[in-house]
Amino acid sequence: MMKNKYMKLAAEEAAKAARRGEVPVGAVIVDSKTGEVISKGSNRVMEDYDPAAHAEILVIRQAAKAMKSVRLPECDLYVTLEPCPMCAQAISFARIRRLYFAAYDEKGGGVENGAHIFHAKSCHHKPEIYGGIGEKECSAMLKEFFKNKR
């Protein structure tokens, strides 16, 4: 049973993506001061015919519009899979305060694996990072999705 309510919400978004045939990744952005959910969503790559329609990108766009700012320094991002390099860079550009993710992505990750975006000299902002929150549940969802695809 997942304990973190925001990661649980992100996992619910990921499950919606799986039902639509998308890779089950969900994300939620929360106002760190109030605890209010500002945006939530899931992958829409196939649905939108957009290789950049990752859950993180979509919720950052929604939150930026809602907050009327391209900078989100009082916001925290919860996502069910370690962000890829593209999403990690967007997180940096948006100045997200904290990043919480569930499953580690050894092949495509850009935070703890792969490109290590936040450690690059060109990175202007590094959020606080907390990985492995709800990892078991989110990893199982991803494995089940790809098992059924094969």
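Here the structure is a predicted model, which means the values were calculated and not measured.
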What residues, two or more places apart in sequence or in another chain, satisfy salt bridge (charged side-chain N to carboxylate O under 4.0 Å, His left out) together with D50? none
For A88 and F118, which heavy atoms make the closest approach, and how far apart are they? O-CE2, 3.3 Å
Taking transitive links into account, so neighbours of neighbours count too, which hydrophobic residues share a cluster with M86 at under 4.5 Å side-chain distance? I57
All side-chain contact (heavy atoms from CB on, under 4.5 Å) counterparts of E128, not counting sequence neighbours: R98, Y130
When every non-hydrogen atom of A53 is compared with those of D48, the smallest separation belongs to CB-OD2, 4.4 Å
Those residues that, when tested against E13, pass side-chain contact (heavy atoms from CB on, under 4.5 Å) (two or more places apart): K16, K40, S42
Only pairs at least two apart or in different chains count here, so list each salt bridge (charged side-chain N to carboxylate O under 4.0 Å, His left out) that has a residue in residues 56-80. D76-R97
Path from I96 to M7 over hydrophobic side-chain contacts below 4.5 Å: no
Mind checking side chain to side chain donor-acceptor pair (under 3.5 Å) for E47 and listing every partner two or more places apart, or none if nothing turns up? R20
By side-chain contact (heavy atoms from CB on, under 4.5 Å), A64 pairs with (sequence neighbours left out) none
Pairwise side chain to side chain donor-acceptor pair (under 3.5 Å) hits with a residue in residues 111-121, at least two apart: E82-N113
Nearest-0.5 Å distance, CG of residue L77 to CD1 of residue I91: 5.0 Å
Quick note, ring-ring contact (aromatic ring centres under 6.0 Å, His included) partners involving residues 46-90, not counting sequence neighbours, are Y6-Y78, Y78-Y100
Side-chain contact, heavy-atom cut-off 4.5 Å: Y104 with V111? no
Please list, chain by chain and in numerical order, all residues satisfying side-chain contact (heavy atoms from CB on, under 4.5 Å) with A14, sequence neighbours excluded. P24, T80, M141
So if you build clusters from Ile, Leu, Val, Met, Phe, Trp, Tyr with side-chain heavy-atom gaps below 4.5 Å, do I60 and I129 land together? yes
